[in-house]
Peer 1: 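This is the structure, below, for whatever I ask next.
Values below: all heavy atoms of this structure, side chains included; hydrogens, waters and symmetry mates excluded. Protein chains get the first letters and strands the later ones, always in sequence-line order, with residue 1 at the start of each.
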Amino acid sequence: MKIGDIFIILSILILSGFISFFFLNKKRQLNDDIIAIVEINGEVKDEVPLTKGLDETKIYSSEFGENEVVFKDDGVYIKDADCKDKYCILMGKIDNPGENIVCLPNRLIVKLISTNPNLEGLDAIN
Amino acid sequence: MNRTKKLILISIFGAFASLIGLFENAIPIPFIAPGLKLGLSNVFVLVGLVMFGLKEGIAISLLKSILLMLLSGNVSSFMYSFSGALLSSLAMSLFLSLSNRYFSLIGVSIVGSSFHNIGQILMAFFTLKSKAIFSYLPILLVIGIFTGFFVGLCANFVLKKLDSNKIIINKREWIYF
């Protein structure tokens with residue numbers, strides 16, 4: 001380790017701090033209304049508000065592949081996918097606004113946004 | 001170093017890199033971000049960059065990406081693997097051209113792993129067309145510091161062994177312990 005290495009490590013830490021500031025993960029508030037947005041290949045395919053008592057399974061298929069997404073009132077997860085790596089299933093359940101699940105081979109992304117006007121910073125990810 | 005020896009060394013490094021990459025694929029690490037890997041195959045890209053130069057380093061990473069695609073059968077991973085490897089080779093050779101008074105191989109390797117992550121995220125951004133993918137970049141960069149540190153140590157060790165066996169002829173000054 002030399003002096004430049006420590007400088008590199010510090011600058012990477014500062015840079016990642018700056019980036020994560022823009023994608024700040026706020027904890028879910030009790031009265032938050034959360035919407036799950038499903039995008040395939042950059043186009044919004046579906047918007048599901050996570051209301052109380054919701055328990056729904058939807059299958060999204062496109063030319064890239066098929067994903068089975070489960071929407072519940074306390075979170076969203078991908079139950080099944082026909083892609084090769086299955087990383088989207090391993091990502092588990094997301095429940096806070098600002099989080100997302102990505103399936104790269106199927107070009108599918110599920111993201112949660114808050115409709116609470118007090119959390120304006122979260123609009124940066126839209 | 002004559003051309004045949006150089007060609008053989010590049011091929012051996014490419015083969016080693018893809019073999020290690022294949023073993024890494026078999027070890028799942030479901031930790032924070034799925035698909036996370038140690039990136040040990042970058043040891044050989046870094047060794048190639050130190051021993052030969054930019055062109056040969058990119059040749060090794062291209063060899064590694066193509067062989068891994070053929071061996072694992074995952075075609076879509078080729079784009080991500082090669083875009084990251086290309087960007088990290090460029091960044092590492094830039095840092096290697098600087099003085100080694102201030103930077104060691106560990107720092108160069110940390111820069112390489114960061115640019116590897118940045119390249120892959122940029123590639124994912126161009127395919128998904130969604131800015132939300134950048135939210136993975138901070139955690140990948142922080143983990144990249146640790147994996148880059150380890151890769152730098154390994155590359156240093158490999159270079160030291162190659163040097164003591166009189167395989168390296170030039171660029172000896174980058175080996176430091």
Peer 1: Drop me the distance from Ile145(B)'s CD1 to Leu13(A)'s CG, to the nearest 0.5 angstrom.
Peer 2: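 Going from CD1 on Ile145(B) over to CG on Leu13(A), the span is 4.0 Å.
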Peer 1: Starting from Ile14(A), can I reach Leu140(B) by hopping between I/L/V/M/F/W/Y residues whose side chains sit under 4.5 Å apart?
Peer 2: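 Not linked; separate clusters.
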Peer 1: Answer yes or no: does atom CZ of Phe150(B) have more than 12 heavy-atom neighbours from other residues, nucleotides or ligands under 6.0 Å?
Peer 2: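 12 or below, so no.
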Peer 1: More than 12 heavy atoms of other residues, nucleotides or ligands under 6.0 Å from CZ of Phe16(B): yes or no?
Peer 2: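 No, CZ of Phe16(B) has 12 or fewer neighbouring heavy atoms, counting only those of other groups under 6.0 Å.
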Peer 1: Would you give the length of the straight line joining atom OH of Tyr102(B) to atom CD1 of Ile8(A), rounded to the nearest 0.5 angstrom?
Peer 2: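 Reported value, rounded in 0.5 Å steps: 13.5 Å.
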Peer 1: Please list, chain by chain and in numerical order, all residues satisfying side chain to side chain donor-acceptor pair (under 3.5 Å) with Asn67(A), sequence neighbours excluded.
Peer 2: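 Result, side chain to side chain donor-acceptor pair (under 3.5 Å) vs Asn67(A): Asn106(A).
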Peer 1: Indicate, with yes or no, if Leu63(B) and Leu40(B) share a hydrophobic cluster defined by side-chain heavy-atom contacts under 4.5 Å among Ile, Leu, Val, Met, Phe, Trp and Tyr.
Peer 2: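 No, Leu40(B) does not connect to Leu63(B) through the hydrophobic network.
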Peer 1: Side-chain contact test, heavy atoms from C-beta onward, threshold under 4.5 Å: evaluate it for Asp5(A) versus Ile110(B) and give yes or no.
Peer 2: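 They are not in contact (no side-chain heavy atoms under 4.5 Å apart), so the answer is no.
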Peer 1: Heavy-atom distances under 4.5 Å only: say whether Thr127(B) touches chain A with side chain, backbone, both or neither.
Peer 2: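 Both backbone and side chain.
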Peer 1: For the CZ atom on Phe115(B), are there more than 12 heavy atoms of other groups (residues, nucleotides or ligands in this structure) within a distance under 6.0 Å?
Peer 2: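 No, the 6.0 Å shell around CZ holds no more than 12 heavy atoms from other groups.
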Peer 1: Please determine whether residues Tyr80(B) and Leu70(B) belong to a single hydrophobic cluster, defined as Ile, Leu, Val, Met, Phe, Trp and Tyr linked transitively by side-chain heavy-atom distances below 4.5 Å.
Peer 2: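 Yes; Leu70(B) is reachable from Tyr80(B) via cluster members.
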Peer 1: When only pairs under 4.5 Å are counted, which of Pro105(A), Ser16(A), Gly17(A) shares the most heavy-atom pairs with chain B?
Peer 2: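 When all of Pro105(A), Ser16(A), Gly17(A) are compared, Ser16(A) has the most.
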Peer 1: Mind checking the OG-CD1 spacing from Ser114(B) to Ile9(A)? Nearest 0.5 Å is all I need.
Peer 2: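 Output value for this atom pair is 9.5 Å.
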Peer 1: To the nearest 0.5 Å, what is the distance between CD1 (Ile106(B)) and CD1 (Ile6(A))?
Peer 2: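 The CD1 atom of Ile106(B) sits 10.0 Å away from the CD1 atom of Ile6(A).
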Peer 1: Which atoms of Leu141(B) come close to chain A, meaning under 4.5 Å heavy atom to heavy atom: side chain ones, backbone ones, both, or neither?
Peer 2: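 Leu141(B) touches chain A through backbone and side-chain heavy atoms alike.
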Peer 1: For chain B, which of Asn41(A), Leu15(A), Leu104(A), Val102(A) has the most heavy-atom pairs under 4.5 Å?
Peer 2: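 Sorted descending by pairs with chain B, the first entry is Leu104(A).
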Peer 1: Check whether more than 12 heavy atoms from other residues, nucleotides or ligands sit under 6.0 Å from atom NZ of Lys93(A), and answer yes or no.
Peer 2: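 Correct, the count exceeds 12.
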Peer 1: Decide if atom NZ of Lys58(A) counts as having more than 12 heavy atoms of other residues, nucleotides or ligands within a radius under 6.0 Å.
Peer 2: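 Counting other residues, nucleotides and ligands, NZ of Lys58(A) exceeds 12 neighbours.
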Peer 1: Where on Phe149(B) is there a heavy atom nearer than 4.5 Å to chain A: the side chain, the backbone, both, or neither?
Peer 2: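 Contact with chain A: side chain only.
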Peer 1: Between Pro138(B), Gly107(B), Gly152(B), who has the most heavy-atom pairs with chain A when the cutoff is under 4.5 Å?
Peer 2: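 Between Pro138(B), Gly107(B), Gly152(B), the count favours Pro138(B).
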Peer 1: Which atoms of Ser109(B) are under 4.5 Å from chain A, going by heavy atoms: the side chain, the backbone, both sets, or neither?
Peer 2: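 Neither part; nothing is under 4.5 Å.
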Peer 1: Quick one: CG on Asn117(B) to CD1 on Ile12(A), what's the gap to the nearest 0.5 Å?
Peer 2: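 Reported value, rounded in 0.5 Å steps: 9.5 Å.
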